[in-house]
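Structure in structure tokens, see below.
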Amino acid sequence: MVKLMRFQRALAVAVVAVLLTATSGYTQSGRAPDSGYANTALLMSRRELSERLTEPGIRILDVRSPEKYMAGHIPGAVNMQIGEITTRLKGVPGMLAPADVVERVLGEHGVTNKTRVVVYDDMGGPVATRLFWALEYFGHPQVSVLQGGFGLWQKEKRSESREIAKTAAARFGADPRAKRLADKQWVQYHLKDPSVVLVDARSAGEFTGMVGGPGVKRPGHIPGSVNVNWVLNLTEAEPREFKPSAQLAELYRQAGVTPQKEILVYCHTGARASNAYFVLRLLGYPHVRLYDGSFIEWSADTSLPVVR
């Protein structure tokens, strides 16, 4: 009887442990328990990266602030600021820089067209995904975002370094993919196109116009848009990571965002929209564009409609 009770108690503990692992969003090994992402190669687990740190041909890009980088980073990671490949164009801040600038910057950071690039920020936030989108737009074939970012890497007590990584000069050749980008004219032309869905990745307050935001001339949103706040892509617990594929698929399905449509994502200046872009690509959506100028550009043009 005593042995039976011990067995039952041990079984109950094991079941609870399994349930906690399944609902936590990650395992102690750092590998996401959910493998249902259609483009699983776009999201690298902490365990996989830790096993490949010294592998030739991998370039890890840390897009956090220089101060955070100096305080500790993933061994071998190179610090790169998103501002190095963005600029102000026609009064719109944060726009993607011209191809020659991006080629030069990536080359200086040791990125070639054959390099396996892994990008991380503090979590799975809009800085890492902004660089992911830029690299995809310019035709880089092997780019991944680190699941959970440096936050979960550090929480799991994985190896860190304070040594500034040295990079040899490299050459990256840009090959822009027009179908990954949308400009103001493209959005305007497709406003009433039933095959296109516009996704506003801002907060509900910004979407309804209750909150304007810096630089927004006319609060509200682009007509016909659906609102899916980018933070809903991530788990609530800190440090955050991307939710399992089933939850993400349902989130966008409920908003009418389906793989059969062409998807246009936008936000304030394109950063938060890049997070939605990444998630939709991760889920296997084939036709996804990012409106680089986003609502800052749209709201400033009084000839264009804005609704609240």
Side-chain angles (χ1 to χ4, degrees), residues 39 42-44 59-66 68-69 77-89 92-99 101-106 108-109 111 115 117-151 172 174 176-177 179-183 199-203 206 213-215 228-234 240-242 263-282 285 288-298:
N39 286 330
L42 304 186
L43 188 64
M44 184 170 287
R59 173 60 65 214
I60 306 170
L61 298 178
D62 181 324
V63 290
R64 300 175 302 150
S65 69
K68 289 183 177 180
Y69 174 81
V78 175
N79 190 223
M80 177 178 169
Q81 299 302 293
I82 199 68
E84 296 178 60
I85 61 165
T86 56
T87 187
R88 179 180 288 270
L89 294 176
V92 182
M95 297 282 283
L96 191 60
V101 173
V102 176
E103 288 178 332
R104 174 182 56 78
V105 171
L106 291 176
E108 291 173 351
H109 289 87
V111 175
T115 305
V117 179
V118 183
V119 189
Y120 73 88
D121 54 20
D122 291 314
M123 44 178 184
V127 184
T129 54
R130 177 69 169 168
L131 182 54
F132 171 89
W133 168 75
L135 285 167
E136 269 219 333
Y137 169 68
F138 281 119
H140 199 293
Q142 298 184 84
V143 189
S144 300
V145 172
L146 178 63
Q147 172 71 305
F150 191 69
F172 173 74
R177 306 300 168 90
K179 291 185 178 181
R180 296 299 179 196
L181 173 69
D183 58 16
V199 178
D200 187 324
R202 299 176 299 160
S203 67
E206 291 170 286
V228 182
N229 192 336
W230 76 276
V231 298
L232 297 177
N233 296 325
L234 306 174
R240 294 185 172 198
E241 63 179 333
F242 291 102
I263 314 301
L264 182 284
V265 294
Y266 75 93
C267 60
H268 185 240
T269 59
R272 289 174 285 177
S274 71
N275 194 273
Y277 172 92
F278 174 77
V279 164
L280 292 170
R281 291 282 295 114
L282 185 63
Y285 280 56
V288 189
R289 296 173 183 260
L290 186 143
Y291 176 18
D292 197 21
S294 278
F295 201 64
I296 282 284
E297 180 182 52
W298 186 272

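Along the sequence shown, residues are numbered consecutively beginning with 1.
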Contacts of type ring pair (Phe, Tyr, Trp, His ring centres under 6.0 Å), residue Phe278, not counting sequence neighbours: Phe132, Phe242

Check against side chain to side chain contact (heavy atoms under 4.5 Å, CB included), Phe172 and His140: CA-CA 9 Å; Phe172 173 74; His140 199 293; 3.6 Å; yes

Contact summary for Ala174 and Ala99, nearest pair of heavy atoms: CB-CB, 4.0 Å

Pairing residues for Tyr291 by the ring pair (Phe, Tyr, Trp, His ring centres under 6.0 Å) criterion, not counting sequence neighbours: none

Pairs involving residues 271-281, ordered by first then second residue, that meet salt bridge (charged side-chain N to carboxylate O under 4.0 Å, His left out) (sequence neighbours left out): Glu136-Arg281, Glu206-Arg272

Gap separating the CZ atom of Phe150 from the CG atom of Asp62, nearest 0.5 angstrom: 7.5 Å

Contacts of type ring pair (Phe, Tyr, Trp, His ring centres under 6.0 Å), residue Tyr285, not counting sequence neighbours: none

Glu108: partners by side-chain hydrogen bond (donor to acceptor under 3.5 Å, both in side chains), with sequence neighbours left out: Arg104

Test side-chain contact (heavy atoms from CB on, under 4.5 Å) applied to Leu181 - qualifying residues, sequence neighbours left out: Trp133, Tyr137, Asp292

Those residues that, when tested against Asn229, pass side-chain hydrogen bond (donor to acceptor under 3.5 Å, both in side chains) (two or more places apart): none

Heavy-atom side-chain contact between Ile296 and His268 under 4.5 Å: yes

Residues which pass side-chain contact (heavy atoms from CB on, under 4.5 Å) with Val78, listed by chain and number, not counting sequence neighbours: Arg59, Leu61, His109, Ala165, Thr167

Pairing residues for Lys179 by the salt bridge (charged side-chain N to carboxylate O under 4.0 Å, His left out) criterion, not counting sequence neighbours: none

With Pro66 via side-chain contact (heavy atoms from CB on, under 4.5 Å) - residues at least two apart: Asn79, Gln81

For Ile60, all residues meeting side-chain contact (heavy atoms from CB on, under 4.5 Å), sequence neighbours excluded: Leu49, Leu53, Ile58, Ile74, Ala77, Tyr120

Salt bridge (charged side-chain N to carboxylate O under 4.0 Å, His left out) partners for Asp200, two or more places apart: Arg202

